[in-house]
Amino acid sequence: MASQDEGWIKTTCAYCGVGCGIEARPKLSGELEIRGDKAHPSNYGKLCTKGIALGETVIHDGRMLSPTLKTEQGDVTISWDEATAKVAEGFTRTLREHGPESVAFYVSGQLLTEDYYVANKLIKGFMGSANIDSNSRLCMASSVVGHKRAFGSDTVPICYEDLEQAEMVVIVGSNLAWCHPVLFQRLRTAKQSNPALNIVVIDPRRTDTCDIANTHLALASGSDVALFNGLLAHLAEHNALDNDFIASHTTGFDDALSKAQDQAAQSQTDIEHITQLSTAQLNDFYHAFANTERVVTVYSQGVNQSSSGSDKVNAILNCHLASGKIGKPGSGPFSVTGQPNAMGGREVGALANTLTAHMEFDEPEHLRLVSEFWDTDNLAQKPGLKAIEMFDAIDSGKIKAVWIMATNPMVSLPNSEKIKSALTKCPLVVVSDCIAETETTRLADIVLPAQGWSEKSGTVTNSERRISRQRRILPSPGQAKPDWWIVSQVAKKMGYANAFDYQHEGEIFREYTHLTCVGNEQGQRDLNLIGLTHLNDQGYSRLTPQQWPVSQLQAQPVTQRLFGDGRFYTPDERARFIGVSFTAPIAKTDIQTPLILNSGRSRDHWHTMSRTGLSAKLAEHASEPYVQIHPKTAAQFSIKDNQLAWVTNPQGCTLVRANVTTDVSPQQLFMPIHWNETTAKNSKPCTLIANTTDAISGQPEFKHSSVSISPFISKSCAIFISNKTMSLSKTDSNIDYWVRQKVPQGYLYRIESSVSVSQLISELTPYLETQNHRQLSNESRKDGARWITLDKEHVTQLLFIQDRFKNSEIATMIEAFNQPLTLLEANEIVHDLSVDNDLFVSV
């Protein structure tokens with residue numbers, strides 16, 4: 001759908017769950033011009049740094065262009081017909097020989113709702129297995145459990161406007177400024193308009209979110225349940241309960257309060273000890289929550305990614321239910337989702353423990369309704385395996401065929417070696433991706449090229465339940481196809497043609513909207529899209545943002561908060577208090593691993609960097625993997641700022657740049673999640689993270705791993721810039737560390753080694769391209785070497801090796817790279833950056 005200005009197409013952002021509206025139009029360069037959509041109610045034209053840079057990331061570097069069969073002799077390009085036939089034959093054979101429990105799909109919040117729907121329909125409806133799970137298991141599963149236990153449904157009740165109407169905003173376990181920047185911008189603007197707005201940040205480390213906070217509570221890692229149980233006990237003790245709401249609209253309060261009071265009865269000192277917060281800090285927070293009418297609690301991965309994540313969520317929900325701060329303007333618990341369509345996946349049922357359209361396996365009537373709607377007699381009858389369980393089952397041989405879509409579990413799942421073991425053993429591994437070379441595609445038997453953002457078309461749902469269109473703007477490179485088309489082709493070849501005979505994504509969306517209405521005539525379920533069931537193809541093409549439930553097509557943006565009528569989606573329509581008790585995180589420090597590692601996002605990167613890693617602008621903010629470490633801890637372990645350091649535990653090791661800062665406590669380290677074996681060496685935090693999960697949600701513990709740290713002694717460094725990516729694996733035994741950074745017209749590699757300069761020279765010179773190029777170089781000497789390779793007076797490679805580099809030198813190299821230089825000018829650059837070397841020219 002084009003906007004009024006010629007050439008602009010309305011779509012949505014590819015990144016976080018804020019779901020910002022974007023307008024894009026193609027440039028002659030093949031990139032996109034990007035601006036915020038001022039009419040979209042999620043962002044009103046505002047964009048973050050990642051969103052603004054989306055136009056740079058649509059280049060085709062590293063794209064998967066054709067279906068590929070992996071063989072011992074090498075990769076073989078095959079046709080789509082052959083590829084989908086092989087996938088269909090493989091899954092059909094596995095089902096016939098080993099049954100429905102032997103197959104699995106592992107999918108992603110990067111999929112559009114239509115893709116998700118078709119994948120879920122195939123495996124649950126026709127293959128008879130519920131072994132489909134999403135990487136949303138890694139970010140939102142504990143919230144799903146908390147919502148369903150308390151509300152009877154996976155319902156996020158509030159709207160973004162509530163942030164602006166609140167008198168107090170509590171941000172728990174979320175660096176909103178970096179992870180959901182446009183929501184942070186809205187909150188900052190609200191604070192500027194209303195200086196009385198009280199913002200409290202609860203996070204073990206200081207982040208940029210604290211810049212607008214009145215208070216930062218640096219609680220101990222994993223102690224959230226104790227903190228909020230203390231709040232619930234405080235509300236009861238100080239007559240701050242909404243007794244009418246509790247009596248009329250809830251059950252289970254006495255048990256929840258009893259468990260909270262049991263904690264408090266052990267004395268306030270106990271809560272202080274667990275949370276590492278002072279009595280004054282606790283009392284000030286409790287008093288403010290109790291005495292503020294309109295409170296929003298924003299929470300995210302610091303709550304969810306925990307071995308007690310579900311209980312943390314319910315501890316927060318208990319406090320909002322007890323005080324009646326829910327279903328009202330400016331009040332409520334707010335789970336902010338991590339991925340652009342994590343919510344859409346939850347809606348259609350692409351989690352192993354849900355059925356579809358907010359229907360459940362434990363409801364016989366739901367099983368009947370879905371079977372009839374899909375016209376199948378092979379519907380899965382019970383929940384499947386969650387992500388960690390799924391890969392354990394692959395490793396043990398129980399699952400023998402897996403299809404991975406739009407995600408990279410070799411990087412994102414805990415215990416990377418276990419994931420590698422599982423995929424190596426699995427008889428059939430199919431991967432659908434837009435990127436050719438990932439740690440997961442390396443282990444695949446069949447790789448299928450999928451469309452990426454700007455090429456695919458469908459819908460996504462954001463954190464406030466708002467459905468928006470993603471639209472096709474650019475042609476697909478090579479033979480890339482929509483994920484829903486790929487799945488449908490396989491389904492047809494498996495014999496299910498009638499159920500998967502879709503011509504376009506609009507047909508899938510219409511089917512999905514009808515399914516949300518089945519057995520939902522009286523509003524029994526929160527997810528109801530009856531107002532969209534009559535969309536024709538043109539209506540779908542022109543669809544504007546819609547916030548569910550949708551009783552009728554919303555011509556203008558609406559704001560709907562749920563539970564305002566005090567009715568919840570439980571059998572008795574009452575919310576449930578869930579009694580929870582504090583349980584310490586499973587990982588414990590000891591002499592060998594005396595520190596706790598926290599992991600999370602960096603501001604300008606996303607997931608495994610397959611998209612943001614293509615933007616030179618985004619690479620400038622954090623060009624290398626790093627570990628934040630407190631000055632006292634750095635001194636204790638003899639680590640200097642900007643020095644490489646080993647972070648290790650019995651499970652693995654990583655090598656990252658030390659960032660000495662008081663933003664973390666002396667007991668903690670923090671590492672970003674983005675770098676992996678395709679963008680760096682030895683820098684993947686999931687190598688260190690155990691596959692410990694919440695017992696109910698199955699969500700892994702990403703925030704609390706015990707580790708040690710030690711300095712890396714570097715003897716040589718190199719800066720290698722090339723106009724194309726390089727595989728530093730030919731002779732990398734002496735290359736201890738390398739990291740790739742996108743720069744204009746090429747890629748910069750920072751390299752460090754424990755060997756001498758002369759040894760590093762011998763390691764790296766094989767990567768220089770001399771054929772049909774003019775090369776400027778110096779003699780290889782003990783203290784360094786320099787090369788600039790020219791092609792038609794453009795720099796195509798630049799390699800400098802010495803014992804260390806200054807940042808100013810690196811900036812000069814980046815500026816010189818791929819510029820039109822004469823041989824004399826190139827010679828001058830080498831002179832400027834050389835250290836007492838006599839240069840000569842070799843042409």
Is the shortest side-chain heavy-atom distance between [X] and [Y] below 4.5 Å?
X      : Y      : value
Phe285 : Ile202 : yes
Val200 : Phe289 : no
His147 : Thr155 : no
Leu138 : Ser412 : yes
Thr251 : Thr570 : no
Ser602 : Trp178 : yes
Arg601 : Ile673 : yes

Pair [X]-[Y], side-chain donor/acceptor within less than 3.5 Å:
X      : Y      : answer
Gln628 : Arg205 : yes
Asn341 : Gln470 : no
Ser174 : Ser300 : no
Glu347 : Thr113 : no
Lys312 : Ser142 : no
His287 : Asn283 : no
Thr209 : Asn175 : yes
Ser468 : His40  : yes

Is the backbone N or O of [Y] less than 3.5 Å from a side-chain atom of [X], with the two atoms forming a donor-acceptor pair by type?
X      : Y      : value
Asn462 : Cys20  : no
Tyr286 : Leu227 : yes
Gln699 : Cys139 : yes
Arg466 : Val558 : yes
Ser307 : Glu701 : no
Glu164 : Ala190 : no
Gln305 : Lys703 : no

- Query: So among Arg465, Arg346, Arg525, Arg149, which one has a salt bridge (charged side-chain N to carboxylate O under 4.0 Å, His left out) with Asp154?
  - Reply: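 Only match with Asp154 under salt bridge (charged side-chain N to carboxylate O under 4.0 Å, His left out): Arg346.
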
How are the rings of [X] and [Y] set relative to one another: parallel (under 30°), tilted (30 to 60°) or perpendicular (over 60°)?
X      : Y      : answer
Phe334 : Tyr160 : tilted
Phe245 : His249 : tilted
Trp548 : His358 : perpendicular
His674 : His605 : tilted
Phe568 : Phe151 : parallel

- Task: Identify the residue among Ile596, Leu595, Thr589 that makes a side-chain contact (heavy atoms from CB on, under 4.5 Å) with Val707.
- Result: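 Option passing the side-chain contact (heavy atoms from CB on, under 4.5 Å) with Val707: Leu595.
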
- Query: For the side-chain contact (heavy atoms from CB on, under 4.5 Å) test, which of Val169, Ile199, Asp284, Leu197 pairs with Asn214?
  - Reply: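 Running side-chain contact (heavy atoms from CB on, under 4.5 Å) over Val169, Ile199, Asp284, Leu197 with Asn214 returns exactly one hit, Ile199.
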
- Query: Is the shortest side-chain N to carboxylate O distance from Arg576 to Asp255 below 4.0 Å?
  - Reply: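 Judged by the 4.0 Å cut-off on N to carboxylate O distance, Arg576 and Asp255 do not form a salt bridge.
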
- Within a reach of under 6.0 Å around NZ of Lys191, are more than 12 heavy atoms found that belong to other residues, nucleotides or ligands?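 Result for NZ/Lys191: enclosed.
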
- Could you check Leu543 against Leu532 for side-chain contact (heavy atoms from CB on, under 4.5 Å), going step by step and ending with a plain yes or no? CA-CA 9 Å; Leu543 185 66; Leu532 304 178; 4.1 Å; yes

- Message: Here's one to test your reading of the geometry: is the NZ or CZ of Arg611 within 45 degrees of the ring axis of Tyr15 and under 6.0 Å from its centre?
- Response: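 Yes, cation above the ring, under 6.0 Å and within 45°.
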
